[in-house]
Amino acid sequence: MDSLVSLPTSHCHSPLFTSKPHSSSATTTTSTSVSFSLPPPPQPPEPNIRRPKSINPSPKPKISSNPLKNFSTTTPTPTPTTTNNNFSHVPSPGETTRTTQSLVSKLRLSSKLFPPPPPPPLLHDTRKATQISEPEAPSPELEKPENFRQHGKIFIGNLPSWIKKHEVAEFFRQFGPIKDVIVIKAHNEIHRNAGFGFVIYGGPPPVAEKSALKAVEFDGVEFRGRVLTVKLDDGTRLKGKAEERARWVEGYQGQDLSNKSKWHQEREGSRRLFRKVLDSEPENWQKVVFAFERIDKPSRREFGLMVNYYARRGDMHRARETFERMRSRGIEPTSHVYTNLVHAYAVGRDMEEALSCVRKMKEEGIEITLVTYSILVRGFAKIGNSEAADYWFEEAKERHTPLNAIIYGNIVYAHCQTCNMERAEALVREMEEEGIDAPIDIYHTMMDGYTMIGNEEKCLIVFERLKECGFTPSIISYGCLINLYAKIGKVSKALEVSKMMECASIKHNMKTYSMLINGYLKLKDWANAFAIFEDLVKDGLKPDVVLYNNIIQAFCGMGNMDRAIHTVKEMQKERHRPTTRTFMPIIHGFARAGEMRRALEVFDMMRRSGCIPTVHTFNALILGLTEKRQMEKAVEILDEMTLAGVTPNEHTYTTIMHGYASLGDTGKAFEYFSKLRNEGLELDVYTYEALLKACCKSGRMQSALAVTKEMAAQNIPRNTFVYNILIDGWARRGDVWEAADLMQQMKQEGVQPDIHTYTSFINACCKAGDMLRATKTIQEMDAIGIKPNVKTYTTLIHGWARASLPEKALKCFEEMKLAGLKPDKAVYHCLMTSLLSRATVAEAYIYSGVLSVCREMIVSGLTVDMGTAVHWSRCLRKIERSGGELTEALQKTFPPDWNSYHTIAANSDPETDDEPESDDEDNDVYLDNVTDGDNDIDNEDLNRLW
């Protein structure tokens with residue numbers, strides 16, 4: 001008892017000072033020991049100080065729960081020099097050092113970061129022993145397990161090894177609401193448990209504790225053939241974790257690792273190897289999967305990393321499989337694991353499953369982080385659903401503030417993909433008002449959006465702004481500009497951007513070369529496209545599948561089909577696997593040329609190359625046949641497609657409808673329209689264009705108006721092509737008033753007329769004989785910057801000829817040549833037919849004009865068909881009955897076998913007037929080109945098949 005009273009303050013904690021100290025005259029203000037109220041103890045003999053333990057047994061005092069009290073029983077009394085002084089227990093310098101060391105030992109993290117200076121040597125060995133043993137003494141909080149006890153948590157022992165969590169929860173639910181059930185798994189047999197676990201009751205702490213006490217009363221209850229041990233959790237498990245955490249901070253983790261079992265050491269090694277392979281060789285998926293399978297009992301961290309790995313690869317099925325394996329082992333997913341699974345579905349563009357994962361997170365009460373929202377917005381952006389992306393973006397704004405630049409970049413990308421640049425600009429302004437700096441990726445996204453709508457001015461503004469903000473233009477920045485100019489047909493400016501890249505020491509990559517080649521392909525400049533390809537090879541780049549496909553498309557555009565097939569074989573030698581897109585231009589080229597045998601040979605070649613025919617491949621065959629108006633063979637391909645188990649899509653039926661529309665077969669066009677609608681396929685503007693084309697071609701304009709009303713009911717807006725078809729239909733009937741009314745509707749609805757629109761309207765004016773309005777239309781085109789093309793001049797020449805003004809027709813012909821346009825066969829046919837029909841009643845300069853045009857045809861090497869030659873010969877008989885200079889010159893443009901038909905032409909009725917037939921023929925030459933489309937949209941037709 002005396003030793004306890006004389007305990008120094010360096011070893012006493014606050015519980016020892018709960019009683020009020022007695023006053024003493026000797027005490028001033030600094031006495032911190034209870035020895036002031038008691039007489040000083042007698043000084044023990046010197047030998048007893050050094051002896052660690054008494055030899056003679058003595059009655060042991062009751063051991064207190066406080067370890068410091070036990071430690072103080074062996075602490076010696078003060079030295080003789082301080083026994084007779086009331087201030088004998090004021091801490092000495094040595095004792096102060098010990099006090100500092102004791103406090104420092106409690107601050108374990110600080111002691112690791114800022115280690116204290118070494119203590120000075122002490123006089124007594126007992127003090128050394130005290131100082132050494134003191135840091136190893138556990139803290140009072142770690143010593144008491146009840147401090148770690150969780151309210152409402154009970155321990156359950158002697159569980160069957162095969163029991164599942166839901167069965168345990170179902171039994172113990174009778175005592176109160178359960179928050180969680182923890183079943184400890186066995187080390188070696190992960191499908192079985194270790195025979196014990198924990199149940200945590202939910203609700204407020206008093207309610208949870210009451211439920212736990214009720215469950216403990218059933219200790220010894222029989223459950224599934226076992227007598228359960230049920231008792232309150234004593235906090236041992238959490239205490240062990242706290243001690244392990246404390247030892248880790250203290251620096252004893254190396255000792256902890258050495259004490260692990262062999263199974264734990266092997267597991268830790270396999271986990272480290274898996275993370276190493278994942279970081280160093282992510283492209284070797286077989287090695288990554290093998291390293292993961294070697295882990296005997298993967299934890300939540302390893303499962304999460306594997307789900308994330310599959311997500312980055314876009315393998316949503318294996319990601320889901322890994323996720324379910326984790327849950328089957330009793331590991332509950334966290335927000336991080338769920339986010340990785342949502343990412344996998346977003347990369348795989350299966351947003352329905354991604355949303356089901358989000359709903360599951362909400363049901364389980366798992367927080368949806370800002371990263372999860374960002375992935376959802378990005379996923380909907382990739383599939384072009386900007387409305388859904390906006391919905392999740394607004395929900396993220398409500399739950400997480402502030403947002404970051406990543407989610408803003410994703411929502412901007414979503415609206416750029418749908419060409420809604422006004423909304424994208426508003427989002428960028430909102431982001432800057434929030435104080436978030438736009439990264440360079442958002443600049444690239446905006447440039448790509450302006451490229452999609454062809455807005456050159458704003459794209460350049462963003463590029464200049466990028467440089468003003470301190471960003472250095474990268475190859476992506478220059479690539480956006482190259483793509484812009486390639487798409488709008490300004491390849492020369494794209495080459496200027498290419499030179500800017502070279503000045504900035506930025507080399508071309510495969511994508512920039514592909515953009516330049518695509519630009520030349522769009523202009524049908526095959527020579528320059530091949531020159532870019534040669535530059536690519538010189539730079540040491542190896543063509544990929546996309547580039548080979550572009551080169552094959554170029555050969556097909558040139559009509560060099562054999563070279564295209566040779567490129568496919570060369571592609572296979574380079575170990576590149578051809579795709580269905582590789583063979584589509586070749587199949588389409590042979591089909592449109594009418595060489596169905598070779599088209600089917602390439603089709604078989606595609607199958608032998610391992611490419612399974614898809615609906616797009618069959619669509620290419622059908623498109624080629626419909627362009628040649630071989631509708632019977634196109635229907636046969638459709639039947640073969642059905643036998644092969646390939647379901648036709650909306651593009652298949654639309655292509656066939658366009659084919660019948662070109663023939664003016666309205667019944668067949670409506671028949672396949674009904675099939676398309678009955679099968680539940682999407683009705684788009686292309687489908688209605690085919691119906692309108694069929695109606696206008698057959699002159700059924702009332703049916704065309706009914707189709708436009710149904711388009712309005714389906715909320716399908718009328719575009720430029722729809723208006724062109726309608727105006728052309730009224731032009732066929734010579735109804736210039738209806739055509740003019742449609743022109744006004746276009747301007748009111750904001751639909752911009754193009755060259756085909758104006759050409760169709762001029763045709764309507766010419767049919768109605770209103771050449772004054774046709775001339776004003778030409779002036780209107782010049783005012784808005786639309787230049788007439790060859791077909792526009794052909795229509796105008798035909799109009800002047802119908803108006804019996806051949807001199808105007810000749811003047812228009814000369815204006816066309818001054819505009820830099822080269823007359824084609826249709827122009828010469830129209831002009832010569834008009835002039836020859838009226839040369840007998842015209843002046844001499846008409847005769848000289850006809851002779852001049854005839855000589856140009858001979859120089860150009862043009863040869864007319866037999867029907868045109870017969871018609872022109874009849875006209876020549878009216879002008880020169882016995883032959884002459886004009887007859888001799890014009891016969892040089894006749895076909896080589898003209899002489900065999902000469903007798904038939906001589907015996908024919910010279911008075912027959914075929915002018916109306918020629919007018920219709922000339923008109924059909926033009927109208928077929930307008931309604932069927934130019935050859936330069938063949939690539940768009942192919943792309944639309946996808």
Side-chain angles (χ1 to χ4, degrees), residues 409 412-413 415-422 424-425 428 437-554 557 785 787 936-937 939-940 943:
V412 169
Y413 173 75
H415 289 287
C416 288
Q417 290 297 301
T418 56
C419 300
N420 189 0
M421 298 309 296
E422 293 182 0
E425 292 170 0
V428 172
D437 294 331
I440 193 172
D441 293 336
I442 292 185
Y443 287 92
H444 294 158
T445 303
M446 295 294 291
M447 291 176 67
D448 186 60
Y450 289 125
T451 299
M452 294 177 68
I453 64 175
N455 194 331
E456 177 184 359
E457 180 183 358
K458 287 194 174 182
C459 187
L460 292 176
I461 290 175
V462 175
F463 181 73
E464 295 299 328
R465 181 62 179 164
L466 179 148
K467 294 189 290 185
E468 291 174 2
C469 291
F471 292 108
T472 302
S474 64
I475 190 170
I476 301 177
S477 312
Y478 290 110
C480 290
L481 291 180
I482 293 175
N483 191 29
L484 167 70
Y485 290 123
K487 283 191 173 182
I488 63 178
K490 298 182 179 180
V491 187
S492 58
K493 288 191 175 182
L495 292 177
E496 293 177 4
V497 176
S498 176
K499 293 179 181 178
M500 290 171 56
M501 283 179 56
E502 295 175 358
C503 294
S505 301
I506 299 177
K507 294 184 178 180
H508 282 278
N509 60 11
M510 199 67 67
K511 290 186 177 180
T512 54
Y513 275 124
S514 296
M515 292 172 186
L516 290 173
I517 292 175
N518 285 332
Y520 283 118
L521 291 180
K522 190 172 183 180
L523 298 177
K524 297 188 177 182
D525 192 346
W526 320 117
N528 281 322
F530 291 127
I532 297 295
F533 181 76
E534 291 175 359
D535 292 341
L536 179 147
V537 176
K538 289 179 182 178
D539 285 349
L541 298 176
K542 292 185 177 181
D544 56 0
V545 176
V546 177
L547 201 58
Y548 273 118
N549 291 348
N550 290 336
I551 296 300
I552 291 171
Q553 183 180 343
K787 296 181 179 181
D936 57 0
I937 64 172
N939 295 335
E940 296 180 6
N943 292 333

Visitor: Does Asn550 reach the main-chain N or O of Gln553 with its side chain, forming a donor-acceptor pair under 3.5 Å?
Guide: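 A pair under 3.5 Å: no.
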Visitor: Can you tell me how far CE of Met452 sits from CG of Asn483, rounded to the nearest 0.5 angstrom?
Guide: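 The CE atom of Met452 is 10.0 Å from CG of Asn483, to the nearest 0.5 Å.
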Visitor: Please find the pair of heavy atoms, one from Tyr485 and one from Val497, that lie closest to each other, and give the distance.
Guide: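 Nearest heavy atoms, Tyr485 then Val497: CE1-CG2, 3.9 Å.
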Visitor: Quick check for you: to the nearest 0.5 Å, what is the distance between Glu456 atom CD and Leu481 atom CG?
Guide: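 That separation rounds to 9.0 Å.
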Visitor: So, are Glu464 and Lys467 salt-bridged, with charged N and O less than 4.0 Å apart?
Guide: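 Here Glu464 pairs with Lys467 in a salt bridge, since their nearest N and O are under 4.0 Å apart.
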Visitor: Look at the side chain of Asn528 and the backbone N and O of Ala531, then say whether any donor-acceptor pair between them is shorter than 3.5 Å.
Guide: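 Side chain of Asn528 to backbone of Ala531: no pair is present.
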Visitor: Starting at CG of Leu536, measure out to CG of Asp544 and round the result to the nearest 0.5 Å.
Guide: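 The distance works out to 8.5 Å.
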Visitor: Can you tell me which residue pairs pass the salt bridge (Lys or Arg N to Asp or Glu O under 4.0 Å) test with a partner in residues 468-484, sequence neighbours excluded?
Guide: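 Qualifying pairs: Arg465-Glu468.
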Visitor: Using 0.5 Å steps for rounding, measure from the CG atom of Leu521 to the CH2 atom of Trp526.
Guide: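 Going from CG on Leu521 over to CH2 on Trp526, the span is 6.0 Å.
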Visitor: Leu516 and Ala494: which non-hydrogen atoms are nearest, and at how many Å?
Guide: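 Smallest heavy-atom distance, with atoms named: CD2-CB, 3.8 Å.
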Visitor: On a heavy-atom basis, which atom in Met447 and which in Ser477 lie closest, and how many Å separate them?
Guide: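 In this case the closest contact between Met447 and Ser477 is CE-O, 3.6 Å.
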Visitor: Strictly under 6.0 Å, is that where the ring centroids of Phe463 and Tyr478 end up?
Guide: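 Centroid separation for Phe463 and Tyr478: below 6.0 Å.
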Visitor: From Tyr413 OH over to Thr418 OG1, what is the distance, rounded to the nearest 0.5 angstrom?
Guide: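 Here the rounded value is 10.5 Å.
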Visitor: Does Asp539 reach the main-chain N or O of Leu541 with its side chain, forming a donor-acceptor pair under 3.5 Å?
Guide: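 No: the side chain of Asp539 does not pair with the backbone of Leu541.
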Visitor: For side chain to side chain donor-acceptor pair (under 3.5 Å), just list the numbers for Asp448 and Thr445, CA-CA rounded to whole Å, side-chain angles, deciding distance to a tenth of an Å, and then say yes or no.
Guide: CA-CA 5 Å; Asp448 186 60; Thr445 303; over 6 Å; no
Visitor: Ignoring hydrogens and geometry, is there a side-chain-to-backbone donor-acceptor pair from Lys522 to Lys487 under 3.5 Å?
Guide: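 The answer is yes, because a donor-acceptor pair under 3.5 Å joins these two groups.
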Visitor: Just how far is it from atom CD1 of Ile482 to atom CE of Met500, taken to the nearest 0.5 Å?
Guide: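 CE of Met500 is found 9.5 Å from CD1 of Ile482.
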Visitor: State, yes or no, whether a side-chain contact exists between Met421 and Lys458 at a heavy-atom distance under 4.5 Å.
Guide: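 The answer is no, as the side chains (C-beta and beyond) never meet within the 4.5 Å cut-off.
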Visitor: Taking all non-hydrogen atoms of both residues into account, name the closest pair between Cys416 and Gly449 and its distance.
Guide: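 Cys416 and Gly449 have their closest heavy atoms at CB-CA, 4.0 Å.
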Visitor: Would you sort out whether Glu457 and Tyr450 count as a side chain to side chain donor-acceptor pair (under 3.5 Å), showing the intermediate values?
Guide: CA-CA 9 Å; Glu457 180 183 358; Tyr450 289 125; over 6 Å; no
Visitor: Between Ser492 and Leu495, is there a side-chain heavy-atom distance shorter than 4.5 Å?
Guide: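 Side chain of Leu495 against side chain of Ser492, heavy atoms only: no contact under 4.5 Å found.
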Visitor: If you look at every heavy atom in Thr451 and Cys459, which pair is closest and at what distance?
Guide: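 That would be OG1-SG, 4.1 Å.
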Visitor: Are the side chain of Asn518 and the backbone N or O of Ser514 linked by a donor-acceptor pair below 3.5 Å?
Guide: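 Yes.
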Visitor: Please examine the side chains of Phe533 and Pro543, heavy atoms only from C-beta on, and report whether any two atoms are closer than 4.5 Å.
Guide: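 Yes, close enough: below the 4.5 Å cut-off.
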Visitor: Might you point out which heavy atoms bring Ile506 and Pro473 nearest each other, and give the distance in Å?
Guide: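 Scanning both residues completely, I find the closest heavy atoms to be CD1-O, 3.5 Å.
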